[in-house]
Trainee: 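If you scroll down you'll find the structure; I have some questions about it.
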Amino acid sequence: MNRWIKVVLCTLLAAAMFAGGFAGGYLFAVHDRFGEMFWSGGARDRSVGDAVNEVVDLLAGRALDPVNETSATAGAIQGLLESTGDKYAVYFDPRHFEYFNEESHGEFGGVGVVLGEKDGATYVVEVYPDTPAANAGVRSGDIFVDIDGTRRDKWPSEEVVKRVRGKEGTKVSIVFKRLGTDGASDKEVSVTLTRAMIELPNIKSELEGSVGYIRLSQFNEKAVDKVAEAITDLEKKGAKSFVLDLRDNPGGLLNQAEGVSSLFLESGVVVQVEERDKKPEKRSVSSRYKQITKAPVVLLINGNSASASEIVAGALQDHKRATLVGENSFGKGSVQTVEPLHGGGGVKFTIAHYLTPNGRVIDGKGLTPDIVVEMDPEKQADPKTDTQLQRALAEARKAQQ
């Protein structure tokens, strides 16, 4: 066990020192030189391994509850990640690493809901049709209270994802808090769902009069192609302007954010990426994806629009290519790399910050819409009560004149 934990830690340290490129389109090879680098390095490197081994030996020999190899490995890695102060650093055990990779490809084992987070609590933003959640009557606005017998006042969204996702055919029991029709009283609703393979309906598009509406849920590897298809189809049907809805879009792949921006921009910088000890790298419109529409654009954001969503919103705002409507975005102006580990699983950690084309800092600040429209998240599911959407459609119609 000592050797195993040591190897895992060495792999993590090597990955952190060797990692290059950016999460969001560029996954990185794990280098095999970690052993030589770590063990032939300075005394500081050796002391890390020595200290870990010493604690493992003490726990194995004298602790009231003997150390468990799996939990000790996860705890050691997570502790190392947290020591950097990186709030986005995450250790994935082999099972959750598989879920992470499935989501990037656009399908995964789950129940079929889009999640939002407000004041530390996770709620259902949207229920996909013909999924376990839809068939059980789960509704938009339902708040997670209990998952498989574990009850909490507030569930962070990442923890909900870890517990609700799982192998196709397995079951998960959930208790939701549901607001009453008066908007004040509430009740609890219990459901037991059988997980299914969910093909992420990542995009929704429809024609609203002469306005093409496109909602993108996540920047997975199919995002650019799907948005391009939607734009082309809607223009053939008569769209003269567009509403691009990135509310509750948590981000995803960087190259997809660059590609989606490029569909609306003729030229210029899309994003600036600032790595450690380097000048910001200006990344321009994608050579692969060209501008396919010059129609006016209104872009919707809210407090759950993060990362890649903010790259697109920042690029189109700086180039005065889109009017931003909604609420201040999340403020995740950082780029993560995802590295697989030799022993299984993987780690995600921050390697760079990004800036808008004009050099605006987003991390911790977010983007401020050109037109601020506040709204209760529960009203978003119904287009008639979705005041942000209605304002965006009005602005899109006005832009056609």
Side-chain angles (χ1 to χ4, degrees), residues 1-19 28-101 120 122 144-167 170-173 276 336-351:
M1 178 170 59
N2 296 2
R3 176 177 175 78
W4 165 242
I5 293 177
K6 183 187 297 182
V7 168
V8 173
L9 286 172
C10 295
T11 306
L12 179 60
L13 290 173
M17 296 181 71
F18 278 114
F28 312 95
V30 176
H31 295 262
D32 292 325
R33 294 186 294 162
F34 69 89
E36 177 184 352
M37 179 197 71
F38 188 84
W39 296 115
S40 63
R44 182 177 61 180
D45 288 340
R46 288 195 299 271
S47 69
V48 173
D50 292 342
V52 170
N53 278 325
E54 183 178 0
V55 173
V56 170
D57 289 340
L58 286 170
L59 294 175
R62 301 186 61 187
L64 180 62
D65 295 316
V67 63
N68 175 275
E69 181 173 318
T70 301
S71 60
T73 301
I77 295 174
Q78 190 60 44
L80 185 58
L81 291 171
E82 290 175 359
S83 72
T84 66
D86 182 356
K87 62 182 179 180
Y88 299 115
V90 177
Y91 165 64
F92 299 98
D93 63 30
R95 183 164 62 98
H96 291 128
F97 193 53
E98 182 180 354
Y99 299 160
F100 177 85
N101 288 328
T122 297
F144 286 83
V145 175
D146 186 295
I147 304 175
D148 282 337
T150 301
R151 191 177 186 90
R152 295 181 184 174
D153 292 334
K154 293 183 178 181
W155 282 93
S157 58
E158 283 194 357
E159 186 67 20
V160 171
V161 170
K162 286 182 180 180
R163 291 175 180 260
V164 173
R165 294 250 177 106
K167 186 177 180 181
T170 60
K171 296 182 182 296
V172 57
S173 297
R276 186 177 68 188
Q336 283 72 47
T337 179
V338 179
E339 295 286 348
L341 299 177
H342 282 125
V347 290
K348 179 175 74 170
F349 55 94
T350 301
I351 59 170

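Remember, it's a predicted structure, so these values are computed and weren't measured experimentally. Note that these values count all heavy atoms, side chains included, but never hydrogens, waters or copies made by symmetry.
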Trainee: With sequence neighbours left out, what residues match Arg151 under salt bridge (charged side-chain N to carboxylate O under 4.0 Å, His left out)?
Mentor: Glu188
Trainee: Working to the nearest 0.5 angstrom, can you tell me the gap between Ile147 CD1 and Arg152 CZ?
Mentor: 8.0 Å
Trainee: Looking at every non-hydrogen atom in both residues, tell me the closest pair between Thr170 and Gly166 and how far apart they are.
Mentor: OG1-C, 4.3 Å
Trainee: Which atom pair, heavy atoms only, marks the closest approach of Trp155 to Phe144?
Mentor: CD1-O, 3.4 Å
Trainee: Sequence neighbours left out, what passes side chain to side chain contact (heavy atoms under 4.5 Å, CB included) with Ser157? Give chain and number order.
Mentor: Glu117, Thr122
Trainee: Looking only at heavy atoms, what is the nearest atom pair of Thr350 and Asp86, with distance?
Mentor: N-OD2, 2.6 Å
